[in-house]
Asker: 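One structure, as structure tokens, below. Some questions next.
In what follows, chains are A, B, ... by sequence order, proteins preceding strands, each numbered from 1. Only a predicted model underlies this, so the values are computations on that prediction, with no experimental measurement involved.
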Amino acid sequence: MPNSATLKTYQQARLARDPRFDGTFFVAVKTTGIYCRPICPAPAPKEQNVSYYPSSVQAQEAGFRPCLRCRPETAPLSAAWLGNQAVLRKAVTRIQAGALNQTSLQDFSESMGISDRYLRKLFQQYLGVSPIIYANHLRLMFAKQLLHQTQLPINDIAFIAGFNSVRRFNDSFKATMKLSPSNLRKKLHNQQSLQESQAIQLKLHYRPPYDWSLMQDFLQQRELSAIETVTDHSYSRTFSLDGANGFLTAEFDSSNSSFKVTIELSDMSKLLEVTHHIRRVMDLNSDLEVIEKTLGQDSNLQPLLKSGLRLPATWNTFEAGVKAILGQQVSVKAAYTHTASVIEQLGSDYNKQYKLFPTAQQIVDGELSFLKMPNSRKQTLHNFAQWYLDTNGEDLSSILDIKGIGPWTYEYIKLRSGFDSDAFPEKDLGVIKAMEKHNLTNTGQWQPWRSYATLQLWHSL
DNA sequence: ACGACAGACTT
DNA sequence: AAGTACATGAAG
């Protein structure tokens, strides 16, 4: 249960329907058995009938069902939900990507290098639910979102959401939602007219503030027209994931604190994982309120902070690595030229207009003579791609053993891949310049948000 | 670390 | 009348 200070914040937040708290806690109403997001448009229930839960799973586990108006399943994920423990964080991320959908808890734990008993214990201790319950909750929430926002057949939704039998899906769904999948769908008043394409459209919410113009600016400066397009209000790109290819468009919609995301995807079973990638690429999960508060405590940094500045991430670590290596020692402009030619020469076609970012295999096999850069750097690129093939990108710190990859590249990859909020390329030219210009010295106090501090520094120039 | 049990899961 | 889509009981 929240302490009294937190409780007070929660009370104020829900009465004000403050979107900055969306996803950080949930409001359960004892009299109706329903739980809501803090922003729910329904009349605010009396305080005496309300209890608070830090996550939707916990409200669910306490016997409440999700509200049909505010759609708790669309709330942004809370950072607290990743936990502090490194193992737990990794486990949660992998479960979000569907790691438990076809794998037993035993096998999964083994692949994490711990026992299933210990994993259960970690979950219970830090998150208050078991891994199975959590995985199931994710599946259900995603299924619910698909029922609401797409025209997909219910059977398909069961499998896309990660269930392995329709029977199980129906049962599990009804038990938590108190409504069968088709009944839920029938109940919808806002059933959109049939979409002509099979592309999926979803709304992905963030927690304000989100300064799209800063994000847009960053993306536009680095836009690679062969794989992506940046417009005033949207970002589109091709991607691939475990052999599936796709194309996404994310349109900024500040009135809903969300992005309208359109997804083309060759293998729909990857849809959930794709949405998590998009959340990371567009930095939809972070809690800027908290981050900006920490960074603002540095009185020298405080005046130059831009509120709502997000961390634009690459599709995956491999892409971040290629961009980092091609960006060594050169300007953003020159790095663009190198990356564009690598995509042009080695990437596969996605359609008539776009290509896919080259795979590690394509770079390993590729003849890199077209690149106008020192041979040693080409070799580094080759070795990096080989490392990625060998290790699948796990344990990033081992890339420091590759010749030509030093601390700058390592930190830059961490920063741009969007998995780490505390990357800090201290030898970066932009960072050094900004630190001198604004007389900044004590970087330690920016932890654990130095990735965001770096972005603020770059932007201050 | 162990065993009993509940309930998660598939057909 | 046959086919499609979904829900659910029973059993292991």
Asker: Determine which nucleotide pairs with B:dG7, using a 3.5 Å limit on both distances of a Watson-Crick or G-U wobble pair.
Answerer: none
Asker: I'd like to know if A:Glu289 and A:Lys293 make a salt bridge, using a cut-off of under 4.0 Å between side-chain N and carboxylate O.
Answerer: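 Looking at A:Lys293 together with A:Glu289, the answer is no, because their closest N to O distance does not fall below 4.0 Å.
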Asker: Can a salt bridge be assigned to the pair A:Arg37 and A:Asp22 using a cut-off of 4.0 Å between side-chain N and carboxylate O?
Answerer: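 A:Asp22 and A:Arg37: salt-bridged.
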Asker: Determine, for A:Glu411 against A:Lys414, whether the closest basic-nitrogen to carboxylate-oxygen distance falls under 4.0 angstrom.
Answerer: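 So A:Glu411 pairs with A:Lys414 through a salt bridge.
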Asker: May I ask you to say whether A:Glu228 pairs ionically with A:Lys355, meaning some side-chain N is under 4.0 Å from a carboxylate O?
Answerer: no
Asker: Which residue, A:Glu61, A:Arg139, A:Gln96, forms the side-chain hydrogen bond (donor to acceptor under 3.5 Å, both in side chains) with A:Tyr134?
Answerer: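 When A:Glu61, A:Arg139, A:Gln96 are each tested with A:Tyr134, the side-chain hydrogen bond (donor to acceptor under 3.5 Å, both in side chains) holds only for A:Gln96.
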Asker: Are any protein N/O atoms closer than 3.5 Å to N/O atoms in nucleotides 7-11 of chain B? If there are, list each pair with its distance.
Answerer:
from	atom 1	to	atom 2	distance (Å)
B:dC9	OP1	A:Arg139	NH2	3.4
B:dC9	OP2	A:Arg168	NE	2.9
B:dC9	OP2	A:Arg168	NH2	2.8
B:dC9	O5'	A:Arg168	NE	3.4
B:dT10	OP1	A:Asn164	ND2	3.1
B:dT10	OP2	A:Ser165	OG	3.3

Asker: Taking the six-membered ring for Trp and the full ring for Phe, Tyr or His, determine whether the centres of A:Tyr235 and A:Phe259 are under 6.0 Å apart.
Answerer: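 That pair fails the under 6.0 Å test.
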Asker: Given side chain to side chain contact (heavy atoms under 4.5 Å, CB included), test A:Leu140 with A:Phe163 step by step and report yes or no.
Answerer: CA-CA 9 Å; A:Leu140 285 170; A:Phe163 290 88; 3.7 Å; yes
Asker: First contact, last contact: which nucleotides of DNA chain C are these for chain A, 5' to 3', heavy-atom distance under 4.0 Å?
Answerer: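 The contact span of chain A on DNA chain C goes from C:dC6 to C:dA10.
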Asker: Just wondering, are more than 12 heavy atoms of other shown residues or ligands nearer than 6.0 Å to NZ in A:Lys203?
Answerer: no
